[in-house]
Amino acid sequence: MIRGLLSHFSPVYALKTISENFKVKRCPVCRKIHCSHFFLCSECKSKIIPKPKNICQNCGIKLCPTDDLTHKCISCHNKPYHFSCIYFYGVYEGLLRDMILSWKFYDNFGYNSVFKSFITELCSTISEKNHPDLIIPTPLHISRLRMRGFNQSRILGLGAAAATGATLSDKALIRIRKTIPQSRLSGKKRRENLLDAFIADQNLVREKKILLIDDVFTTGSTANECARTLRDAGAKDVHVMTLARALI
């Protein structure tokens with residue numbers, strides 16, 4: 001009997017118990033305990049709308065039958081973006097949208113690991129020839145940073161830097177002008193709002209392949225102005241990576 005009791009206190013039993021406990025996780029969305037290898041439980045993960053299969057390689061919009069076979073939509077052919085490619089995890093709707101808003105505006109930092117895992121997954125799809133030299137988080141103006149307390153793009157950028165081995169820089173691109181929140185503006189006003197809002201360090205970006213990180217891509221005004229600024233400063237190429245893309 002004593003031997004049986006002591007067996008429960010053996011190092012092997014203790015390690016096994018600890019190992020089993022680590023396999024059990026609590027979903028940060030629904031709070032249910034699960035054993036999925038994802039951070040989210042399988043039910044919540046199934047609610048995230050994945051990116052469409054047949055998308056424009058430049059802007060991420062789903063191609064229509066009238067688009068050609070170069071995998072670029074008519075809009076991008078007529079008015080190209082200043083970046084060459086966009087990677088995004090899912091559509092900015094439903095659960096993914098709710099998670100991002102909760103993370104940004106309600107300090108739900110329990111999503112940090114979830115979103116970093118999404119970015120890591122996206123980084124695994126980058127081809128060798130497009131491997132970035134520099135990771136740049138989309139910068140916030142200093143006043144917005146003080147108000148929010150963190151830059152969500154930098155958190156994602158750290159995940160991308162860890163996944164790719166590329167250097168992350170907070171100084172290569174700086175927001176020098178305070179702007180109205182883009183969510184309050186229409187497409188044309190968004191573009192006007194961001195004119196000359198950023199400045200890039202030529203010494204850091206010249207001849208570099210850059211991966212620009214942000215949380216959401218809606219009209220693309222922010223990403224496009226950042227990419228233009230980086231290209232004007234001598235960047236070799238700019239790709240964009242976001243958690244979500246609004247298919248407007």
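The shown structure was predicted, so the numbers you read here are calculated from the model rather than taken from an experiment.
- Two different hydrophobic clusters hold Y87 and L134 under the rule that ILVMFWY side chains link at heavy-atom gaps under 4.5 Å.
- Under the side-chain hydrogen bond (donor to acceptor under 3.5 Å, both in side chains) criterion, the residue pairs touching residues 195-206 are Q202-R206, with sequence neighbours excluded.
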*Start with the C-alpha gap between F39 and K45, add the side-chain angles, then the distance that decides, and say whether side-chain contact (heavy atoms from CB on, under 4.5 Å) holds.*
CA-CA 9 Å; F39 285 95; K45 193 171 190 301; over 6 Å; no
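- Proximity of a side-chain donor or acceptor of K236 to a complementary backbone N or O of I210 within less than 3.5 Å is not detected.
- Rounding to the nearest 0.5 angstrom, the gap separating the CD1 atom in I136 from the CG atom in L212 is 7.0 Å.
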*Could you walk me through whether L211 and I126 pass the side-chain contact (heavy atoms from CB on, under 4.5 Å) check?*
CA-CA 10 Å; L211 184 62; I126 300 176; 4.1 Å; yes
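- By the 6.0 Å and 45° rule, R97 stacks over the aromatic ring of Y92.
- At a threshold of 4.5 Å between side-chain heavy atoms, the hydrophobic network of Ile, Leu, Val, Met, Phe, Trp and Tyr places I135 and I119 in one connected group.
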*What's the verdict on side-chain contact (heavy atoms from CB on, under 4.5 Å) for C27 and E43, showing C-alpha distance, side-chain angles and the deciding distance?*
CA-CA 10 Å; C27 177; E43 184 178 351; over 6 Å; no
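- Atom OH in Y81 sits 6.5 Å away from atom CG in N224 (nearest 0.5 Å).
- Minimum heavy-atom separation, F198 to E225: CD1-CG, 3.8 Å.
- One finds the NZ atom of K25 at 10.5 Å from the SG atom of C41 (value rounded to the nearest 0.5 Å).
- Judged by distance alone, with hydrogens and angles left aside, the side-chain atoms of R175 form a donor-acceptor pair with the main-chain N or O of P139 at under 3.5 Å.
- Put simply, the side chain of S102 never gets that close to the backbone of N108: no donor and acceptor are under 3.5 Å apart.
- Every residue two or more places apart in sequence or in another chain that forms a side-chain contact (heavy atoms from CB on, under 4.5 Å) with S127 is listed here: K129, N130.
- Residues L145 and I213 do not share a hydrophobic cluster, defined by chaining ILVMFWY side chains whose heavy atoms lie under 4.5 Å apart.
- With values rounded to the nearest 0.5 angstrom, F150 atom CZ is found 6.0 Å from D107 atom CG.
- Side-chain atoms of R245 come within 3.5 Å of backbone N or O of C59 as a donor-acceptor pair.
- Residues meeting the side-chain contact (heavy atoms from CB on, under 4.5 Å) test with F115, sequence neighbours left out: L96, M99, I100, W103, Y111, F118, L156, L243.
- Under the 4.5 angstrom side-chain criterion for Ile, Leu, Val, Met, Phe, Trp and Tyr, the cluster partners of I174 are I176, I199.
- For D237 and R231, the salt-bridge test passes: some basic side-chain N is under 4.0 Å from an acidic carboxylate O.
- Hydrophobic clustering (ILVMFWY, side-chain heavy atoms < 4.5 Å, transitive): V114 and Y106 are in one cluster.
- When all heavy atoms are compared, the tightest approach of V205 to A233 is CG2-CB, 3.6 Å.
- Across every non-hydrogen atom of N58 and F83, the tightest pair is OD1-O, 3.0 Å.
- No chain of hydrophobic side-chain contacts below 4.5 Å, direct or via other Ile, Leu, Val, Met, Phe, Trp or Tyr residues, connects L173 to I142.
- Identified under the salt bridge (Lys or Arg N to Asp or Glu O under 4.0 Å) test for residues 207-222, with sequence neighbours left out: K104-D215.
- Residues passing the side-chain contact (heavy atoms from CB on, under 4.5 Å) test with R154 are P137, N151, L158, L168, D170, sequence neighbours excluded.
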